[in-house]
Amino acid sequence: TRRDSQKTFNNTDAETPRADSVVPSVSGAPSGHVTLAFTDLQSSTWLWNQFPTCMKSALSIHNRVMRSVGVTYSAYEVKTEGDAFMMAFHSLVDAANWCL
């Protein structure tokens, strides 16, 4: 749920399924020394307030891209909350490549 002083938006309709429910992770969750990456869309509350219809579509595209690139770099999706991702990687190099 998105909140600001004037409106409340629920963007759960824009969410897409978790990566492990779409494409099973070949390597599974990393263990031992892992690298975590956290993302968040800058100014997303303002964007949701100004362009709610566009943001619903944009968030859906964003989530698909993040997850499809995650498969390329053996990412493990730990969780999502709103527009933020927490991803775990087996190596720092994979995490950095996913971020780029």
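When reading the values below, keep in mind they use all heavy atoms of this one structure, side chains included, and skip hydrogens, waters and symmetry mates.
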Are [Y] and [X] connected in a single hydrophobic cluster, I mean Ile/Leu/Val/Met/Phe/Trp/Tyr linked by side-chain heavy atoms less than 4.5 Å apart?
X     : Y     : value
Trp46 : Leu59 : yes
Val69 : Ile61 : yes
Tyr76 : Phe38 : yes
Val65 : Met87 : yes

Open item on the list: I need the minimum non-hydrogen distance between Met86 and Leu36, along with the two atoms involved.
Closed with: CE-CD1, 3.9 Å

Open item on the list: On a heavy-atom basis, which atom in Ser91 and which in Thr35 lie closest, and how many Å separate them?
Closed with: C-OG1, 3.7 Å

How long is the gap from [atom1] on [X] to [atom2] on [Y], to the nearest 0.5 Å?
X     : Y     : atom1 : atom2 : result
Thr39 : Asn63 : OG1   : CG    : 8.5 Å
Ser43 : Gln50 : OG    : CD    : 11.0 Å
Cys99 : Phe89 : SG    : CZ    : 6.0 Å

- [ ] Assess the side chains of Asp94 and Ser74: does a donor N or O sit below 3.5 Å from an acceptor N or O?
- [x] no

- [ ] Tell me yes or no: between the side chains of Arg64 and Ser60, is some donor less than 3.5 Å from an acceptor?
- [x] yes

TODO: Using modelled atom types only, decide if a donor and an acceptor are shared between the side chain of Trp98 and the backbone of Ala37 within a distance under 3.5 Å.
DONE: no

Open item on the list: Ring centres under 6.0 Å, that's the criterion: do His90 and Tyr73 meet it?
Closed with: no

TODO: Among Leu41, Thr80, Asp40, find the one that has a side-chain contact (heavy atoms from CB on, under 4.5 Å) with Phe85.
DONE: Thr80

Task: Worked verdict on Lys56 versus Thr53 for side chain to side chain contact (heavy atoms under 4.5 Å, CB included) - done: CA-CA 5 Å; Lys56 182 176 178 180; Thr53 303; 5.9 Å; no

